[in-house]
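All remarks here apply to the structure that follows.
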Number of protein chains: 2
Amino acid sequence: MTETSFNPSSLSTGAATGYGEPVTDCATCVVRNRAICASLDAEELALLGRLGRRQRVKAGHTLLWEGDDALVVANVLEGVLKLVVASADGREQIVGVVFPSDFIGRPFGKESPYSVTAMTDAEVCIFNRKSFDDFASAHPDLQHKLLRRTLDELDRARHWMMLLGRKSAEEKVASFLLEMSERLSGQGCNSGARSGFELPFGRQQIADILGLTIETTSRQLTRMRAEGLLDLPSRREIVINDRAAMEALAG
Amino acid sequence: MTETSFNPSSLSTGAATGYGEPVTDCATCVVRNRAICASLDAEELALLGRLGRRQRVKAGHTLLWEGDDALVVANVLEGVLKLVVASADGREQIVGVVFPSDFIGRPFGKESPYSVTAMTDAEVCIFNRKSFDDFASAHPDLQHKLLRRTLDELDRARHWMMLLGRKSAEEKVASFLLEMSERLSGQGCNSGARSGFELPFGRQQIADILGLTIETTSRQLTRMRAEGLLDLPSRREIVINDRAAMEALAG
DNA sequence: CCGGAACATTGACCTGAATCAACAAAAAAT
DNA sequence: ATTTTTTGTTGATTCAGGTCAATGTTCCGG
């Protein structure tokens with residue numbers, strides 16, 4: 001089994017107030033200006049920082065299980081994580097992919113509606129959900145940021161519903177590559193929507209995002225390469241040669 | 001063409017400040033305690049009321065077009081509306097269905113990411129988006145309600161993504177019927193999750209919700225009737241005979 | 001009550017993607 | 001360096017659901 005349970009205590013540094021390392025300085029945080037924390041002033045930030053813990057999560061480890069009590073929320077500092085809904089018989093659908101500065105978890109909820117699993121080694125800034133809820137309730141600006149983010153996520157999810165329900169395998173793969181090229185360039189250090197990028201996940205996970213099988217996904221990519229649309233320099237690297245054609249295929 | 005543009009001026013009552021009828025008394029509003037307005041006290045309610053207009057929308061008419069500037073947001077007072085994402089070649093995916101007391105629109109956004117069309121004759125309490133944004137920004141409780149609602153919608157959307165990406169036609173139809181039986185009983189005057197209910201939409205629309213064709217949808221329903229799982233007393237009525245079996249089919 | 005339009009069902013057939021299976025290549029472990 | 005494991009590709013075949021076409025049913029206006 002590749003995906004194992006996340007065990008807080010195994011990573012504890014012995015801090016009295018919880019697991020993970022205490023947050024030392026939010027002001028110098030890598031995502032200070034991009035995460036929801038951007039809505040806070042120095043004083044509030046210090047207050048929130050006291051509630052948070054920095055936490056490393058290894059690739060394949062699960063931070064939150066679907067159906068379990070959602071005890072924590074978090075900001076992503078580094079790495080990529082997936083949100084997964086599974087059926088009783090093991091089929092999986094990835095319903096979201098989160099990048100650095102994105103927010104994870106279900107505030108004001110009881111149980112997590114999906115699992116959150118690291119796709120790469122990751123680092124998150126984790127909060128006890130209840131304390132976070134209280135803090136958020138007392139800080140309208142933070143709630144406003146959270147609302148905007150949630151609205152954006154909802155738009156993205158609905159757009160993805162169109163892809164899942166109505167697009168062909170070819171359209172799905174083309175749409176996926178274009179979206180990933182955009183999202184990865186947003187955080188990666190390189191310039192705008194570049195044509196070459198490294199996916200943080202393998203074929204099976206692409207299939208789980210697109211509602212396809214691994215075979216169909218692989219065949220589509222191979223075919224696109226054969227047609228000169230893209231190059232596949234290595235397993236996880238994609239170079240889009242003809243962006244316009246790709247956009248046409250995406251529908 | 002069944003679905004026609006919604007023309008505000010054609011329904012104007014001549015109120016100087018906008019289209020639709022001015023709101024007279026929020027305190028007696030049918031959704032007073034269920035809509036986001038429930039977060040407001042009498043004074044705030046009066047203030048918000050002044051910004052709103054009651055607006056009837058006939059079945060098939062579109063309130064908001066995908067890609068257009070999202071000039072308004074609204075509360076649903078009566079009727080059922082659909083949120084639709086369409087592709088260039090006309091394929092449609094329904095990405096949301098809204099009932100009385102639900103909120104419509106995209107606050108803090110520019111263009112609407114989907115069309116909003118009435119599936120039945122409907123009545124909404126409509127606001128200019130900008131004024132609503134301002135009002136919301138000044139009223140944290142309202143924003144909190146909106147955040148909770150948006151989080152719930154996001155959960156629902158993600159759950160639906162699993163259905164669209166990974167379920168068979170049979171599982172889709174079974175899941176749909178169960179969810180509708182729940183949601184319709186929530187607002188309908190009858191008791192808990194009853195087994196008989198009237199859908200507010202036809203076969204094509206069910207297909208557009210499930211990412212299927214109308215033929216497949218129809219065949220699944222016919223087969224379920226043949227197997228005694230349900231009755232179809234009329235076009236839009238559904239009676240679930242064996243709820244447990246239906247849940248088993250839903251996966 | 002009749003006629004037409006919109007909506008729904010049913011059948012025959014086809015096809016895109018799933019499934020089953022073998023193999024190849026890369027990565028990890030020894 | 002070599003074995004083992006994991007991941008990805010390719011081919012043959014099947015089948016669920018789409019497409020095309022005909023027919024049946026309900027609804028609505030006159």
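In this text, all values refer to a predicted model and were calculated from it rather than measured experimentally.
- Residues Val76(B) and Val31(B) come closest through the heavy atom pair O-CG1, 3.8 Å.
- Listed by residue number, the members of residues 224-231 of chain A with any heavy atom below 4.0 angstrom from DNA chain D form an empty set.
- Taking each heavy atom of Val97(A) and Arg183(A) in turn, the nearest pair found is O-NH2, 3.2 Å.
- The CG atom of Asp208(A) sits 12 Å away from the P atom of dA18(C) (whole-angstrom rounding).
- Exactly one of Asn75(B), Val98(B), Val72(B), Ile104(B) qualifies for a side chain to side chain contact (heavy atoms under 4.5 Å, CB included) with Val124(B). That residue is Ile104(B).
- Put simply, CD on Glu237(A) is 14 Å from P on dG8(D), counting in whole angstrom units.
- For the residue pair Pro100(A) and Gly79(A), the shortest heavy atom distance occurs at CD-O, 3.2 Å.
- In this structure, Ile209(B) CD1 and Lys82(B) NZ are separated by 9.0 Å, a value rounded to the nearest 0.5 Å.
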### Task
Any chance you could list the contact pattern along nucleotides 14-30 of chain D? Use B for base contacts, S for sugar-phosphate-only contacts and - for none, protein heavy atoms under 4.0 Å, 5' to 3'.
---SSBB----BB----
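- Look at CD1 on Ile238(A): it is 11 Å from P on dG8(D), rounded to the nearest Å.
- Distance Asp89(A) CG to dT19(C) P: 11 Å, rounded to the nearest Å.
- Here dA27(C) presents its P atom at 12 Å from CZ of Arg203(A), a figure rounded to the nearest Å.
- The distance from the CD1 atom of Ile94(B) to the CZ atom of Phe201(B) is 7.0 Å, given to the nearest 0.5 Å.
- Of the inter-residue distances, the one linking Cys125(A) atom SG with Gln55(A) atom CD reads 10.5 Å to the nearest 0.5 angstrom.
- Atom CD of Gln204(A) is separated from atom C1' of dG8(D) by 11 Å (rounded to the nearest Å).
- The distance from atom CZ of Arg91(B) to atom P of dG16(C) is 13 Å, rounded to the nearest whole Å.
- Rounded to whole Å, atom P of dC7(C) lies 15 Å from atom CZ of Phe201(B).
- Residue pairs satisfying the salt bridge (Lys or Arg N to Asp or Glu O under 4.0 Å) criterion with at least one member in residues 225-238 of chain A, sequence neighbours excluded, are listed as follows: Arg223(A)-Glu227(A).
- The CG atom of Leu177(B) lies 10.5 Å from the CD atom of Gln220(B); values are rounded to the nearest 0.5 Å.
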